[in-house]
Enquirer: 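Input: one structure, supplied below.
Below, chain A is the first sequence line, B the second, and so on; all start at residue 1.
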There are 2 protein chains.
Amino acid sequence: MPRQGLNREAVVQAAADLIEEKGLASFSMGGLARRLAVRPSSLYNHVQSMDGLLEGVAALAIDRLTQAEREACEGKTGEAALFALAEAYRWYARAHPELYRAVMHVGRWGRPELEARAGDIVRPIMEVLAGFGLDETEQRHWQRVLRSVMHGFAAHEQAGAFSHFPEDRDESYRLAVRCVAGGLRRAGRKSHEDGRTDPV
Amino acid sequence: MPRQGLNREAVVQAAADLIEEKGLASFSMGGLARRLAVRPSSLYNHVQSMDGLLEGVAALAIDRLTQAEREACEGKTGEAALFALAEAYRWYARAHPELYRAVMHVGRWGRPELEARAGDIVRPIMEVLAGFGLDETEQRHWQRVLRSVMHGFAAHEQAGAFSHFPEDRDESYRLAVRCVAGGLRRAGRKSHEDGRTDPV
DNA sequence: CCTTAAAAACGAATGCTGTTAGTTTTACTG
DNA sequence: CAGTAAAACTAACAGCATTCGTTTTTAAGG
């Protein structure tokens with residue numbers, strides 16, 4: 001029984017690969033152990049439990065998703081940045097459906113590791129929204145709106161729930177993002193007017 | 001072993017109750033059998049498999065959700081109907097989180113029973129959107145937008161993903177629905193103008 | 001180079017899980 | 001009352017996550 005040179009990072013990485021290949025639903029410690037040429041019990045030297053492992057996978061997926069978002073927005077501002085962010089989000093969810101599924105699958109209530117990543121999820125979005133001239137509170141509300149639209153669309157699309165009608169889904173998504181962009185533009189104008197202390 | 005008078009409907013109903021109580025994640029055939037005072041294998045006289053059972057639970061949950069939507073919209077049109085629908089949707093997702101979870105959990109690809117319910121989900125939404133003066137294609141796109149917003153918000157809220165900031169979630173939701181309402185209003189106006197064959 | 005101790009793999013076992021097959025009991029129909 | 005179909009049963013299987021105690025391997029210190 002030669003050592004496999006495993007550590008937590010390698011196990012999480014292998015789990016992510018396996019999930020991406022075979023799907024989150026059929027993931028098991030036994031299957032992962034088989035792939036790593038190790039007995040299932042050996043995995044517990046590197047990981048506290050299956051839930052803990054999936055937590056790590058979710059964190060990894062969040063990292064990649066947010067990086068894709070940041071790269072897409074690089075050098076852009078305003079609506080261009082908004083559309084780039086939204087496109088990157090949907091692209092990731094479609095390119096890595098099972099990994100994206102893992103992100104939303106693990107509840108965030110009281111999991112320290114994921115609680116920390118919450119900031120990573122929010123940050124690129126808040127940076128994009130910063131270009132619309134809203135105050136902090138409004139930005140936080142709109143951040144929720146945008147995340148709702150992006151995840152809601154991705155989830156429905158993945159579940160096959162948008163196949164009832166033949167209309168092009170790309171166009172539906174653009175329409176949704178345009179809708180948010182319009183709302184943001186108007187909110188920004190309004191916020192700017194209200195901010196004037198001495199209107200002409 | 002006296003007969004329990006079980007049938008598919010009773011089993012599905014009991015499964016829904018159990019899921020609502022203990023959560024979808026911890027649901028099991030053994031647990032359901034225990035509640036029904038029956039051996040696990042006996043359930044297979046009424047249900048093809050656990051997946052088939054969960055499919056039935058999802059169908060049941062869809063029925064209740066759409067009924068809540070219809071009741072909320074009764075007698076309303078336009079934006080009033082839109083807000084009522086959106087409120088009813090979120091209310092149901094919060095009042096029956098585990099049942100709502102079951103709806104989105106089962107993939108819809110090639111499941112006849114749920115494919116049939118897809119129409120039930122879409123219908124009340126399309127009726128509400130009918131009041132905005134869009135053509136059929138636009139209505140189908142906006143239906144996807146609205147469903148994305150509603151589910152995306154419900155899913156994030158349920159996962160605890162909107163707790164990062166203290167801002168009131170009710171207000172975020174109203175903002176999101178207002179955003180869709182504004183988009184719909186403008187799309188309706190535009191559609192009406194385009195429809196004129198002889199503009200003044 | 002040898003010793004020591006920690007880390008990592010292991011085998012075995014526990015109590016779950018969904019599901020199938022074959023058998024027995026129940027309830028209805030002629 | 002006899003026969004039949006449905007519904008319950010028992011037993012079994014393979015797989016699951018996880019824990020315990022043991023054995024092996026590696027790395028560090030003297």
Enquirer: Just how far is it from atom CG of B:Leu114 to atom CD of B:Glu55, taken to the nearest 0.5 Å?
Expert: 4.5 Å
Enquirer: Could you check which residues of residues 17-39 of chain A get a heavy atom under 4.0 Å from DNA chain C? Sort them by number, please.
Expert: A:Val38, A:Arg39
Enquirer: Side chain of A:Ser42, backbone of A:Val38: donor and acceptor closer than 3.5 Å?
Expert: no
Enquirer: Grab the CZ-P distance between A:Arg8 and C:dA8 for me, whole Å please.
Expert: 14 Å
Enquirer: Are any of the side-chain heavy atoms of A:Leu82 and A:Leu146 separated by less than 4.5 Å?
Expert: yes
Enquirer: Does any pair with a residue in residues 149-161 of chain A pass salt bridge (Lys or Arg N to Asp or Glu O under 4.0 Å), and if so which ones, sequence neighbours excluded?
Expert: A:Arg90-A:Glu157, A:Arg94-A:Glu157, A:Glu157-A:Arg169
Enquirer: Please round to the nearest 0.5 Å and tell me the distance separating atom CD of A:Glu79 and atom CZ of A:Phe83.
Expert: 6.0 Å
Enquirer: Restricting to pairs with a member in residues 19-30 of chain B, which pass salt bridge (Lys or Arg N to Asp or Glu O under 4.0 Å), not counting sequence neighbours?
Expert: B:Glu21-B:Arg35
Enquirer: Would you mind listing every salt bridge (Lys or Arg N to Asp or Glu O under 4.0 Å) that reaches into residues 146-155 of chain A, with sequence neighbours excluded?
Expert: none
Enquirer: Any donor and acceptor pair, going by atom type alone, linking the side chain of A:Glu98 with main-chain N or O of A:Ile19 inside 3.5 Å?
Expert: no
Enquirer: Below 4.0 angstrom, which residues in residues 99-107 of chain B have at least one non-hydrogen atom near DNA chain D?
Expert: none
Enquirer: Looking at the rings of B:Phe153 and B:Phe162, which for Trp means the six-membered one, are their centres under 6.0 Å apart?
Expert: yes
Enquirer: Please determine if A:Glu127 and A:Arg123 form a salt bridge, counting it only when a charged side-chain N lies under 4.0 Å from a carboxylate O.
Expert: no
Enquirer: Which residues in residues 42-52 of chain B have at least one heavy atom lying under 4.0 Å from any atom of DNA chain D?
Expert: B:Ser42, B:Asn45, B:His46
